[in-house]
Amino acid sequence: MAELTYRDAVARAITQEMERDERVVLLGEDVAKAGGVFKATVGLYERFGEKRVRDTPISEQAFMGAAMGAAMTGLRPIADIMFADFAAVCFDFFANEFPKLRYMTNGQLGCPLVIRTANGGGARFGAQHSQSIENWTMMIPGLKVVAPSSPVDVIGLMAAAIRDDNPVIFHEHKSLYATKGEVPDGEILDTLGTAKILRPGKDATIVALALMVPRALAAAETLAAEHGIDCEVIDVRSLVPLDTNTILNSVAKTGRLFTVEENPRLCGWGAEIASIVADEAFWDLDGPIVRITTPHIPLPAADHLEDLALPNPPRIVERIARTMNGSAR
Amino acid sequence: MAELTYRDAVARAITQEMERDERVVLLGEDVAKAGGVFKATVGLYERFGEKRVRDTPISEQAFMGAAMGAAMTGLRPIADIMFADFAAVCFDFFANEFPKLRYMTNGQLGCPLVIRTANGGGARFGAQHSQSIENWTMMIPGLKVVAPSSPVDVIGLMAAAIRDDNPVIFHEHKSLYATKGEVPDGEILDTLGTAKILRPGKDATIVALALMVPRALAAAETLAAEHGIDCEVIDVRSLVPLDTNTILNSVAKTGRLFTVEENPRLCGWGAEIASIVADEAFWDLDGPIVRITTPHIPLPAADHLEDLALPNPPRIVERIARTMNGSAR
Amino acid sequence: MANKQDGPGPQGLTNDDIGQDVRLELYRIQVKIRDAEKRANDLFFQNLIKGTSHLSLGQEAIAAGVAVAMEANDKSFCTYRGHAHTLARGVSVEKVLGELMLRDNGLMRGKGGSMHLTSVEHGVMGSYAIIGAHLPIACGSAWRAQYLGEKDVSVCFFGDGTTNIGAFHEALNFAVIWKLPVVFICENNLYMEYTPIGDVTAVEHPAADRASAYGLERILIDGNDADVVYRTAKAAMDKAREGGGPSLIECLTYRHSGHSRADPAKYRPPGELEKWLEKDPLKIYRKRLAEYGISESDIAGIEAESKRVVDEATEACKASPPAPHELLTTDVYADGGWAWRN
Amino acid sequence: MANKQDGPGPQGLTNDDIGQDVRLELYRIQVKIRDAEKRANDLFFQNLIKGTSHLSLGQEAIAAGVAVAMEANDKSFCTYRGHAHTLARGVSVEKVLGELMLRDNGLMRGKGGSMHLTSVEHGVMGSYAIIGAHLPIACGSAWRAQYLGEKDVSVCFFGDGTTNIGAFHEALNFAVIWKLPVVFICENNLYMEYTPIGDVTAVEHPAADRASAYGLERILIDGNDADVVYRTAKAAMDKAREGGGPSLIECLTYRHSGHSRADPAKYRPPGELEKWLEKDPLKIYRKRLAEYGISESDIAGIEAESKRVVDEATEACKASPPAPHELLTTDVYADGGWAWRN
Ligand SMILES: Cc1ncc(C[n+]2csc(CCOP(=O)(O)OP(=O)(O)O)c2C)c(N)n1
Ligand SMILES: Cc1ncc(C[n+]2csc(CCOP(=O)(O)OP(=O)(O)O)c2C)c(N)n1
Ligand SMILES: [Mg+2]
Ligand SMILES: [Mg+2]
């Protein structure tokens, strides 16, 4: 057991898997010699050498494509998108190439790779470097999508992602890199498609992801202490596959659902979950489903405005308390 | 009044606006001399000349960027994405450039342009030429998103899109190009952000878009005739802005909501609407919200399989009848 | 094969760097492609091919020349205009036509369609229908070979119009800096869909005139002469296999039909097609065979055999059912299914 | 200005193609950028600049040389490393530093941040932070000028690393085939973020060695000499203005600090910085002024004035509040608000 940052957990996970499997390789802009712009891959170049850990030009299409071509033919590449926003410059690979290959070829070819992104806001980087793009990836059939909230989950889910035979988009949250958590020694391997109940509760279910998880947890404590509302907090962890059982069971118990989403409102991942619950758990619901999201706006650079935009514990508390105490609207 | 195809409506709308405003220009691959691969821009090159109607290289980033730069500085470009799927190769412009410019510059610059796409399935083109990408665009703050289902709507909404001072993504449905409808003479101008009730009904609300609209209407007739279920069918027409009033009012009346979506399931536009209704109209609901979508898969090329994938009247009827007659699940 | 010669000529077989076996194979493949593509065209007009299809009529020499230069383990990365390359690697006409007809006997049982022909057992690693993407993908395959010390070469085919998209530029630079065993073959057929390539390109030769931007040799060849294609491709593949890095080859050619099944190609200037029909690769090659002393009856035998194969394949396809409905949701994920939830 | 000369030299002002006024302006701008950038660096270490910032210390000659060659209506398209170009077009130090400090007095009142500096009234049409996008955008602005018969030129600045992304290739080809009045300025400072450009580029000069791929002239200049930059940019802008189409200019330079505020630039080989500090554009230009007979006191006056302006701006920024909360949801759409529904 040791305390590790989320940032260091990334390097530990990749180390674990690179030691285990020669086919695992890492590529991206400044990931090798410099250890990544968020320092999440420090030491890998030194340990595994330039054959396995490679710097690329600013050619996201080239190295996403290269990762795919290598994956199709026998390697297990991990490719790095420096800021999640840049997925847009190589989105053809996310939307049309990685996820459709197996289907279009009727199973002749697969695409076992992991794309890491530094996702999300909070760093005052402005509209083009701060987005939460988990819904950009969730909406594409054929991808798997993971977004861990803690160091131990980073390791276990990254290991699972690397061993998975599908293209997995692994969203690291840039505002979590400096956070710490206890991590057991030895190999860690988790399972994709499993949500975690981080706080049991009986009055309402809060579903959150990545940076929103600690915020939802903090809000739940306040809601319990100050409003007598006992919330169950679920860390979704994996958007695809989605652990609907855990969510539906929780709603069956609590009768209420709140989502806390960093993505801008429209077509966020919470909308999907809301729609599943509004269909399959409708008769369990005791009141409206409420989504707490970043407003449907680009993100501002200014710190006080960015803080205002992303869901935070006071806003979560206020919205849940108001909904639980009041009427439908 | 004349009968016009959806295809010819595109050219008529652009003609109307190009005659009205010298700043309106059209560019894209094969849109000029060849009149477009779907023949939706036939005659424009002859009428307006090569200064205003221009063929481009296969450089989607170049001409999306060019459209933006021209829009920022005084023109009103219409740019063509030959198949909606190709939005992925220039997605940076959709996700990070068009929609964020005004916000990032604090209103100093705007981006008044229209991007036309040939969207959707049904033509047996396979996984990379058949997608419904309306949710790819709906999820991006700063875009407006339109998807007409009839020739007259094509004209009125295209005119409104061209006159709008925002970036508007205009999804034409490739399987509707050959369909016909009555169109009044003279100028036609519609309003973005307005849904249309195409069939009033009292038992359930069906919300549909583009190719799904005629299918929802057909299903509603069968549901009335064979199951005694009287459905209200709403053509959303505009995903952003979204006419939530029309939808919420309808659900207040019927107590039931069904969406019929061509996009693959996860994070489809219907999820957003479902989540709005599950929040704001929860107490109006008499039963689960059900989404009828393309399954969350890439599209197959084979005709019989593609037909199986897209929602069609029998499937819509079956699902609605089963839900309305049965229990929640 | 010691006597290398620059152009083909009737020096007699003893003095021939290509040799009779290879030459017959080059012809056999060209004829097979020609016959299969013509049949595809007929089937389309009989409404037996739905969706789209992009023929390589007139471009057969490139597919044949490159494929014959390849070794069994080499990999082909094709576009929607990929029937020719798929056939050239040895895939049966039945499996190709079956896929075009979207039947259960097709290469992907109709799931992929004509634009995505794939036959991994023949080294055909997919056909890609969004312009540009497969150039970087081919780089990745080449990287795997380099990384694992495997000796195969990845070959990537694309058109003139493709040279103007960003992925082309990124892939070329990437292949060179990583010194990858990949060969890029540009089939310059003078048109993108309906627009002449000259109208939208800053240089005359869209690939060859850009080679220097990647520190590569300028290679521009007659793409209608299978011998020239074969020799050039062979040299590039040898170089790649020996660790010499990538090559970019521009092959001048012409498509005899429209861009896709829907295109009557009215945009062509009068006389252009006729001029190129004079340079028909099959015509050129039939003459070549005769010059090298192959008998008319041997040639006719190849042609008859091809017709027979195509006819039989056609019948088999017509007899094939569509794939079962269950196929709709198979192979989305690696577990064989499509489950995105529990 | 009849006497054109190739290199700068102390021929005396009578024989000077640039002239004293322009030369003083070139120095004034370089000093202003230097002082403002140094202040930005200080403010960052005082924790008064949040987020990121990308300085142009060492690259001032390019910003100054190009800006002085521009006319008032000409348009600049910049990157995240755009403070210099914004200042060079005449935007006040206060408005730039205010934006870096994310205060209400900033150019965009803190909404955009340091990577998106924009001042339309000065012709600064935005700073773009996703590599490559603004090259096509600049083409669009140039197209508008061509279409409307307006005489302005669009100028697009970017780094060496940017030449390897697809949008670079697409934009260059596009600009040439449409003969657009756009000038592309590549600031080759030898590095992308932390990776030397030579490690990831197939040619030595990432822009100049690719000009021929677009049928353009190869232009490679000393980017640390403002006179050279000025002359070259002026010629390119004249050409564009007269309908002669685009130019691509590679300026050799070096950034004295790290890539962004977070980067101590430890990846540099020893001695490299020192070598380039010898070629510091301000050092070069100060000497140049003296050679052209500008007095030490005039030079010192420019420098003192700059310090005063930067100090005053700093105080004004420190005194400025953050923008009001309402700003969060303004200007998403053209109606000024953010409503996506009724
Ligand atoms: C990104 C993208 N843009 C546009 C298209 C539509 N498209 C399909 S083929 C084609 C022309 C390609 O021309 P070329 O590369 O010369 O190949 P050819 O068809 O002539 O073999 C175009 C524009 C596409 N498939 N992908
Ligand atoms: C598409 C994209 N990929 C990566 C980045 C991250 N990034 C920001 S600046 C930079 C280096 C750019 O190098 P260069 O073009 O030489 O400009 P310089 O910073 O040296 O001025 C990189 C990789 C980005 N902003 N956009
Ligand atoms: Mg072509
Ligand atoms: Mg640089």
Side-chain angles (χ1 to χ4, degrees), chain A residues 22-23 25 27 51-52 54 56-75 77 89-90 92-93 95-97 99-113 138 141-145 164-166 193-194 239-246 276, chain C residues 75 77 106-113 115-121 125-130 132-148 150 152 154 166-167 169-175 177-178 180 182 323 327 330-336 338-342:
Chain A
E22 278 282 340
R23 298 169 306 167
V25 289
L27 76 170
K51 193 180 166 197
R52 297 183 69 188
R54 301 194 71 162
T56 67
I58 310 177
S59 306
E60 277 82 1
Q61 296 191 76
F63 71 82
M64 287 296 126
M68 174 167 166
M72 284 164 59
T73 56
L75 301 189
V89 303
C90 50
D92 185 43
F93 290 93
N96 293 322
E97 311 299 340
K100 299 192 166 68
L101 182 70
R102 187 180 295 274
Y103 191 82
M104 295 192 314
T105 64
N106 194 35
Q108 290 185 63
L109 287 165
C111 189
L113 52 71
M138 185 182 188
L143 296 179
K144 292 192 173 182
V145 182
D164 199 277
D165 286 330
N166 296 288
T194 54
L239 292 172
V240 184
L242 184 66
D243 182 359
T244 53
N245 284 345
T246 297
I276 293 169
Chain C
K75 315 271 183 264
F77 292 82
L107 263 179
M108 296 93 73
R109 305 180 69 188
K111 264 173 95 166
M115 298 205 279
H116 302 296
L117 299 180
T118 306
S119 183
V120 172
E121 61 171 310
M125 307 302 284
S127 300
Y128 300 81
I130 299 201
H134 69 312
L135 284 84
I137 295 170
C139 289
S141 168
W143 174 34
R144 174 268 322 150
Q146 183 188 65
Y147 181 89
L148 296 177
E150 293 171 350
D152 61 283
S154 296
H169 177 66
E170 295 192 12
L172 266 288
N173 183 65
F174 192 84
I177 59 169
W178 286 23
L180 298 174
V182 56
L327 218 70
T330 61
D331 284 319
V332 177
Y333 291 104
D335 62 5
W338 69 297
W340 52 269
R341 60 176 287 186
N342 56 14

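Residue numbers begin at 1 in each chain, while the letters A, B, ... track the order of the sequences.
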Heavy-atom proximity to chain A below 4.5 Å, by part of A133(C)
both
Looking just at side-chain N and O atoms, do T118(C) and T105(A) make a donor-acceptor pair shorter than 3.5 Å?
no
What one should report as the nearest heavy-atom pair of P77(A) and P112(A) is CD-O, 3.8 Å
For M72(A) versus L101(A), what's the shortest heavy-atom pair and its separation?
CG-CD2, 3.3 Å
Looking only at side chains, do Y147(C) and R52(A) share a donor and an acceptor under 3.5 Å apart?
yes
Do you know which of P57(A), P141(A), G74(A), G110(A) has the most heavy-atom pairs under 4.5 Å to chain C?
P57(A)
Are the side chain of K111(C) and the backbone N or O of T330(C) linked by a donor-acceptor pair below 3.5 Å?
yes
Would you mind telling me which of C111(A), S59(A), P99(A) has the largest number of heavy-atom pairs within less than 4.5 Å of chain C?
S59(A)
Top contributor to chain A interface from A334(C), G166(C), G112(C) [non-hydrogen pairs under 4.5 Å]:
A334(C)
Interatomic distance, NZ@K75(C) vs CD1@I137(C), rounded to 0.5 Å, equals 15.0 Å
Counting only heavy atoms closer than 4.5 Å, note whether N245(A) contacts chain C via side chain, backbone, both or neither.
both
Tell me whether E60(A) contacts the main-chain N or O of V89(A) through its side chain, where contact means a donor paired with an acceptor under 3.5 Å.
no
Only pairs of heavy atoms separated by less than 4.5 Å count here; which of C139(C), A129(C), A167(C), G113(C) has the most with chain A?
A167(C)
Side chain / backbone / both / neither for D243(A) at chain C, heavy atoms under 4.5 Å
both
Between M125(C) and chain A, which part of the residue has a heavy atom less than 4.5 Å away: side chain, backbone, both or neither?
both
In terms of the angle between their ring planes, are W143(C) and W178(C) parallel, tilted or perpendicular, with boundaries placed at 30° and 60°?
perpendicular
May I ask you to name which of K144(A), M104(A), E97(A), M68(A) has the most heavy-atom pairs under 4.5 Å with chain C?
M104(A)
Count the heavy-atom pairs under 4.5 Å between each of G142(A), C90(A), G107(A) and chain C, then report the option with the highest count.
G142(A)
Is a side-chain N or O of T244(A) found less than 3.5 angstrom from the main chain of N342(C), in a donor-acceptor match?
yes
Option in G110(C), A142(C), S127(C), S119(C) with maximal non-hydrogen atom pairs under 4.5 Å from chain A:
S119(C)
Under 4.5 Å, counting heavy-atom pairs only, tell me which of D164(A), V25(A), I276(A), D165(A) racks up the most with chain C.
V25(A)
Chain A contact via L327(C) - which portion, at a heavy-atom distance below 4.5 Å
both
